[in-house]
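Take a look at the structure set out below.
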Amino acid sequence: MNNAISSFCDWLENTPISVVIQSVSWIIPLVQSIHIMAVTVIVGSVLAVDMKLLGVVGRGSPISGATRRFLPWIWMALVVLLLTGATLTAAEPRRELLNWVFRLKMVLIVLVCAVTGAFQITVSRNASAWGNTPSYRWQARLLAIGTLGIWIGIIFCGRWIGYVEHQ
Ligand code: HEM
């Protein structure tokens, strides 16, 4: 498996696009800066939704207001993160694709996307009850704590990649 990924890295790091990203000095700092700015958009939007789910803010209002307002920002920021993250990966494929922390980060991203998508569909189908009736309240709290934990894990992994030796 790792041999196949290693061969893919050999090919990727010699493609014209990768060579350009590696050799033009301002591309990587610019892309890293955009990546981090998109992280801040995610953190703000996730906190807004999760504080509502935990009942810390907006107790009297329905959860659907918060999801309609903030979930689109989470999805848009994720697209930016995917594009900038793919650019950083194309520049140094071995550092990322052969690194177990990078792989863990990707698994956590897929997981949080699935949970967020399922949550969005559920809330749109049952907007009035979500988070306001007792039976939904504990589910809302569990969801908030779970997703906060996954997002913290993703951010931690993003920073940690550089400190782990790749194979
Ligand atoms: C969607 C796909 C994503 C890809 C392909 C991706 C890829 C990357 C790559 C390649 C790096 C550079 C790591 C290194 O070599 O040191 C990085 C850094 C980072 N990423 Fe992502 N990322 C993605 C999404 C996210 C998300 C969703 C978050 C958090 C909400 C995130 C947070 C971070 C952080 C905090 C860093 C460290 C930046 C730094 O130290 O300058 N990334 N990411």
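One is the number of the first residue; the rest follow in order along the sequence. Read the numbers this way: they start at 1 and go in the same order the structure lists the ligands and their atoms.
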Mind listing the side-chain donor-acceptor pairs of residues 71-82 below 3.5 Å, one per line with the distance, residues two or more places apart or on another chain?
unit_1, atom_1, unit_2, atom_2, d
Trp75, NE1, Gln120, OE1, 2.7

For Ile17, look at atom CD1 and say whether over 12 heavy atoms of other residues, nucleotides or ligands are found less than 6.0 Å away.
-> no
Quick check: does any side chain N or O of Ser18 sit under 3.5 Å from a backbone N or O of Asn14, one acting as donor and the other as acceptor?
-> no
Which residues share a side-chain contact (heavy atoms from CB on, under 4.5 Å) with Ile36, sequence neighbours left out | none
N/O donor to acceptor pairs below 3.5 angstrom from side-chain atoms of residues 37-49, sequence neighbours left out:
unit_1, atom_1, unit_2, atom_2, d
Thr40, OG1, Met37, O, 2.5
Ser45, OG, Val41, O, 2.8

The single option from Thr15, Ile5, Leu12, Leu88 passing side chain to side chain contact (heavy atoms under 4.5 Å, CB included) against Pro93 | Leu12
Please tabulate, line by line, the atom pairs linking an N/O of ligand 1 to a protein N/O at a distance below 3.5 Å, with the distance in Å to 0.1, or answer 'none'.
unit_1, atom_1, unit_2, atom_2, d
ligand 1, 15 (O), Arg95, NE, 2.5
ligand 1, 15 (O), Arg95, NH2, 3.1
ligand 1, 15 (O), Glu96, OE1, 3.4
ligand 1, 15 (O), Glu96, OE2, 2.7
ligand 1, 16 (O), Arg95, NH2, 2.7
ligand 1, 20 (N), His35, NE2, 2.9
ligand 1, 20 (N), Lys105, NZ, 2.7
ligand 1, 22 (N), His35, NE2, 3.0
ligand 1, 22 (N), Lys105, NZ, 2.7
ligand 1, 40 (O), Arg159, NE, 2.4
ligand 1, 40 (O), Arg159, NH2, 3.3
ligand 1, 42 (N), His35, NE2, 3.0
ligand 1, 42 (N), Lys105, NZ, 2.7
ligand 1, 43 (N), His35, NE2, 2.9
ligand 1, 43 (N), Lys105, NZ, 2.6

